[in-house]
There are 2 protein chains.
Amino acid sequence: MTIAEVSEKYDLTQDTLRYYERIGLIPHVNRNKSGIRDYTEEDCRWVEFIKCMRNAGLPIEALIEYVTLFKQGAETIGARKELLTEQRKQLIQRMVDMQKTLERLNYKIESYEQSVVKKEKELKRAEE
Amino acid sequence: MTIAEVSEKYDLTQDTLRYYERIGLIPHVNRNKSGIRDYTEEDCRWVEFIKCMRNAGLPIEALIEYVTLFKQGAETIGARKELLTEQRKQLIQRMVDMQKTLERLNYKIESYEQSVVKKEKELKRAEE
DNA sequence: ATATCACCTGGAGTTAACTCCAGGTCAAGT
DNA sequence: ACTTGACCTGGAGTTAACTCCAGGTGATAT
């Protein structure tokens, strides 16, 4: 797959894809004889995985470490599990915070609805 | 309340509190005769509200607009409601993304657990 | 009286995560 | 042969959201 296709498919710019590779956030992608990237199926799975994790707010640094561990092979399975477990913990914490904020927003929006209705009634009364 | 107390209470640095005020993220806080900030109850409620919204990832820009609208009075109630509704929509979207990622992490961690167990068994076998 | 300390202001510096750019290569169309 | 267009690299620039700093003021402890 060309970089243009991967860019399209996962909605990441070519610059971002190159950047992710540069910093080791996805493993090195092979080039063809003229030096152009040719993404394999596995490369694509990495891109998709990283995109998903980034969307949820996992920091790049943690993901780079994960990829680095992955490249080191089966010895690092324990470390990888720990890393993901820690990130999951933080993710859950963020979700809890967001849930609280969501409830608060719901309440505030409802209150505003009341105000708007009240204001409309006032206007109606004024018209009569 | 002094800035030190507010800083302590809401776990925001004094620099952050001053910064928030500077950019209009919280309304202007009154100073005493010697020029030092003296936070009222209402100031504190703003700080707490902003902290909660920021924790959930609402962008500062949107919150500044909200505060600006608030300062303009009751005319802007409709606009404020719209703003919060839009932010709520985006918040929900982020939560959905995070939920997907969480499930994926759960699955991945479970798989790693299998691997670790398998590895331990291998080691045990090797010992025998 | 003076030293200390918390606070003030305006402005510069930092960090994470991209995003853009200049200058160069290569294959394909004309 | 020449132009065009997609892609390459290494490095510089940008944005959001702080964070730090220098130089200054006023209240308090010695």
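Letters A, B, ... are given to chains in the order of the sequence lines, protein chains preceding strands, and every chain is numbered from 1. Bear in mind the structure is a predicted one, so any value in this text is a computation, not a measurement.
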Please give, in whole Å, the distance from [N] [atom2] to [X] [atom1]?
X: A:Y39; N: D:dC7; atom1: OH; atom2: P; answer: 10 Å
X: A:I36; N: D:dC7; atom1: CD1; atom2: P; answer: 7 Å
X: A:D38; N: D:dA6; atom1: CG; atom2: P; answer: 18 Å
X: B:L17; N: D:dC20; atom1: CG; atom2: P; answer: 14 Å

Is the backbone N or O of [Y] less than 3.5 Å from a side-chain atom of [X], with the two atoms forming a donor-acceptor pair by type?
X: A:T76; Y: A:A79; result: no
X: B:K108; Y: A:L84; result: no
X: A:T40; Y: A:E42; result: yes

* Structure fact -> Contact string for nucleotides 9-19 of chain C, one letter per nucleotide 5' to 3', B = base within protein heavy-atom range under 4.0 Å, S = sugar-phosphate only, - = neither, reads BBB----SBBB
* Kindly say if B:Q14 contacts the phosphate of C:dA6, meaning a side-chain N or O under 4.0 Å from OP1 or OP2. =>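 Answer is no, no contact under 4.0 Å.
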Taking only distance into account, with no hydrogens and no angle test, what donor-acceptor pairs under 3.5 Å do side-chain atoms of residues 56-74 of chain A form with protein atoms, sequence neighbours excluded?
| residue | atom | partner | partner atom | Å |
| --- | --- | --- | --- | --- |
| A:Y66 | OH | B:Y112 | OH | 2.7 |
| A:T68 | OG1 | A:I64 | O | 2.7 |

* To do: May I ask you to say what B:I3 touches in the nucleic acid, namely base, sugar-phosphate or nothing, with a heavy-atom cut-off under 4.0 Å?
  =>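 Sugar-phosphate only.
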* To do: Identify the heavy atoms of B:I3 and B:R37 that sit nearest to each other, and give their distance.
  =>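 What the structure gives for the nearest pair is CD1-CD, 4.1 Å.
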* What closest approach, in Å, do B:E21 and B:V29 show between heavy atoms, and which atom pair accounts for it? ->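 For B:E21 and B:V29, the tightest heavy-atom pair comes out as OE2-N, 3.1 Å.
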